[in-house]
Amino acid sequence: MKNMNKFVFPTLVFTIVAVLSIVLAACGSDDGEAAPAAEAEPAAATGPADGVYFAQEAEYSERTGWKNVAVFVVENGEVVEVEFNAAHVNGGTDKVTRSRDGEYGMYGDGPAQWPWYEQAQAVEAYFLDAQDPSADAPDSISGATISFDYFFTLAQQALDQGPVGYGPWQDGAYHAEAEQFSSSGWKDVVDITVIGGRIVSANWDAIAEDGGTNKKQRSLDGEYGMYGEGPAQWPWWEQAKAAEQHLMETQDPGAIDADAVSGATIRLGGLASVVNEALANARR
């Protein structure tokens with residue numbers, strides 16, 4: 001009997017402890033069931049959304065004729081490509097290309113010590129390293145003495161706008177002119193600049209058969225009047241500018257129509273013809 005008591009007592013204690021453990025575990029849940037382990041929340045996404053960002057200044061500089069443009073590409077929340085460039089009011093090649101070709105000098109005059117395109121590369125490298133499109137421009141960037149505040153302003157503008165993708169055109173400079181002079185003695189000509197897939201500069205003009213200055217310059221000088229006679233209410237150069245702006249806004253040569261261009265009552269068939277010729281093989 002003594003041997004049996006020694007066996008039963010520890011067994012009884014073990015059983016009581018086990019029962020109490022089960023009861024306490026049940027009491028720990030409001031509905032009588034054990035609470036499931038909390039799932040880890042996914043990490044919040046950092047950095048800007050993936051895609052192609054684009055921004056440009058609204059107007060060309062009255063002093064230099066240039067308009068700054070910024071393009072950058074984001075992948076997995078990280079900026080992987082940056083383009084710091086500019087387009088001229090007269091169309092043609094972009095500033096980086098002109099600088100590479102020695103057609104736009106920055107060194108030798110004033111504080112600039114390197115070609116413009118090399119300084120632009122220094123700004124791009126800084127931007128890629130900083131990985132913060134919303135950051136204010138630093139006081140200085142090694143290798144750059146050009147002004148670059150506006151590039152960071154454009155970066156913030158592009159970030160606020162969100163990714164927009166590339167435009168419909170291949171980057172580059174495009175030129176076209178009519179095959180012959182019209183009965184009025186003019187031949188239409190256009191120069192287009194594309195950056196980031198978008199038409200960022202379009203210069204429509206007309207060459208004079210008499211060999212004198214082009215139509216736009218004559219209009220600016222008051223030597224080619226369009227207003228005061230017929231339906232035209234503005235000088236030719238102003239109407240041409242309105243048509244150019246319309247093309248840059250729509251990115252569509254097929255939308256060149258006097259009825260659709262605010263501020264233009266002149267015929268736009270000549271412009272539509274040369275634009276279509278210039279961009280005939282420029283689709284992305």
Side-chain angles (χ1 to χ4, degrees), residues 37-61 66-88 93-97 99-100 116-144 146-174 192-202 244-255 279 282-284:
E39 295 184 3
E41 295 184 2
T46 59
D50 287 3
V52 178
Y53 292 73
F54 174 89
Q56 62 180 319
E57 291 180 322
E59 300 288 343
Y60 302 96
S61 167
W66 291 101
K67 175 175 64 176
N68 295 294
V69 181
V71 183
F72 60 96
V73 180
V74 176
E75 294 180 0
N76 298 319
E78 180 175 322
V79 182
V80 295
E81 294 181 29
V82 180
E83 181 175 6
F84 176 21
N85 211 336
H88 199 269
T93 53
D94 57 83
K95 186 182 283 190
V96 167
T97 301
S99 179
R100 286 183 183 277
W116 191 90
Y117 81 92
E118 289 187 6
Q119 300 194 49
Q121 288 177 340
V123 175
E124 293 167 351
Y126 176 92
F127 193 85
L128 283 171
D129 184 62
Q131 285 297 318
D132 186 3
S134 65
D136 293 332
D139 293 334
S140 64
I141 293 177
S142 178
I146 57 175
S147 175
F148 50 75
D149 289 4
Y150 45 80
F151 176 72
F152 286 82
T153 299
L154 288 175
Q156 181 62 63
Q157 179 182 326
L159 184 69
D160 291 343
Q161 180 176 270
V164 295
Y166 286 111
W169 310 102
Q170 298 180 47
D171 286 11
Y174 300 89
I192 294 172
T193 309
V194 176
I195 299 175
R198 288 174 170 75
I199 299 171
V200 291
S201 179
E244 295 162 356
Q245 185 63 34
H246 181 75
L247 173 61
M248 288 186 282
E249 290 174 354
T250 63
Q251 299 290 312
D252 182 8
L279 299 176
R283 286 279 180 184
R284 273 185 174 271

Colleague: State whether the number of non-hydrogen atoms from other residues, nucleotides or ligands found under 6.0 Å of E75 atom CD is greater than 12.
Modeller: no
Colleague: Run the side-chain contact (heavy atoms from CB on, under 4.5 Å) test on D94 and V200 for me, step by step, so that the C-alpha distance in whole Å, both residues' side-chain angles and the decisive distance to 0.1 Å come before the verdict.
Modeller: CA-CA 10 Å; D94 57 83; V200 291; over 6 Å; no
Colleague: Has H246 got a side-chain atom pairing as donor or acceptor with A255's backbone, closer than 3.5 angstrom?
Modeller: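 Pair found, side chain donor or acceptor close to backbone of A255.
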Colleague: Is any side-chain heavy atom of S142 closer than 4.5 Å to a side-chain heavy atom of Y126?
Modeller: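 Counting from C-beta outward, S142 and Y126 never come under 4.5 Å.
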Colleague: Find out whether F84 and F127 are in side-chain contact, i.e. whether some heavy atom of one side chain is under 4.5 Å from a heavy atom of the other.
Modeller: no
Colleague: First locate atom CG of L247, then atom CD1 of I192, and finally report the distance between them rounded to the nearest 0.5 Å.
Modeller: 5.5 Å
Colleague: Assess whether a salt bridge exists between R284 and D171, defined as any Lys/Arg side-chain N lying under 4.0 Å from an Asp/Glu carboxylate O.
Modeller: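 Counted as a salt bridge, because a side-chain N and a carboxylate O are separated by less than 4.0 Å.
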Colleague: What's the shortest heavy-atom distance between A86 and I195, and which atoms?
Modeller: O-CD1, 3.9 Å
Colleague: Between atom CD of Q157 and atom CZ of F54, what is the distance when rounded to the nearest 0.5 Å?
Modeller: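 CZ of F54 is found 9.5 Å from CD of Q157.
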Colleague: Return the minimal non-hydrogen interatomic distance between V74 and P48, and the atom names on each side.
Modeller: CG1-O, 3.5 Å
Colleague: Heavy-atom distance under 4.5 Å between the side chains of Y53 and L154, does that happen here?
Modeller: no
Colleague: Check whether any side-chain N or O of N76 sits under 3.5 Å from a backbone N or O of E78 as a donor-acceptor pair, and report yes or no.
Modeller: no
Colleague: Against the six-membered ring of W169, is R198 placed for a cation-pi contact (under 6.0 Å from the centre, within 45° of the normal)?
Modeller: no
Colleague: What's the separation between atom OG1 in T193 and atom CE in M248, rounded to the nearest 0.5 Å?
Modeller: 9.5 Å
Colleague: What's the spacing between E124 CD and F72 CZ if we round to 0.5 Å?
Modeller: 12.5 Å
Colleague: Measuring from E83:CD to Q121:CD, what's the distance to the nearest 0.5 Å?
Modeller: 11.0 Å
Colleague: For N85 and K95, which heavy atoms make the closest approach, and how far apart are they?
Modeller: OD1-N, 3.4 Å
Colleague: Does any N or O in the side chain of Q119 come within less than 3.5 Å of the main-chain N or O of I146, such that one atom is a donor and the other an acceptor?
Modeller: yes
Colleague: Which atom names give the shortest non-hydrogen contact between K67 and E57, and what distance separates them?
Modeller: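 K67 and E57 have their closest heavy atoms at CD-O, 3.0 Å.
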Colleague: Considering only heavy atoms from C-beta outward, does the side chain of W116 approach that of V96 to under 4.5 Å?
Modeller: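 Answer yes - side chains close enough.
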Colleague: I need the minimum non-hydrogen distance between V79 and L128, along with the two atoms involved.
Modeller: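 Between these two residues, the closest heavy atoms are O-CD2, 3.3 Å.
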Colleague: For residues F152 and P138, report the shortest heavy-atom separation together with the two atoms involved.
Modeller: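 The answer is CZ-CD, 3.7 Å.
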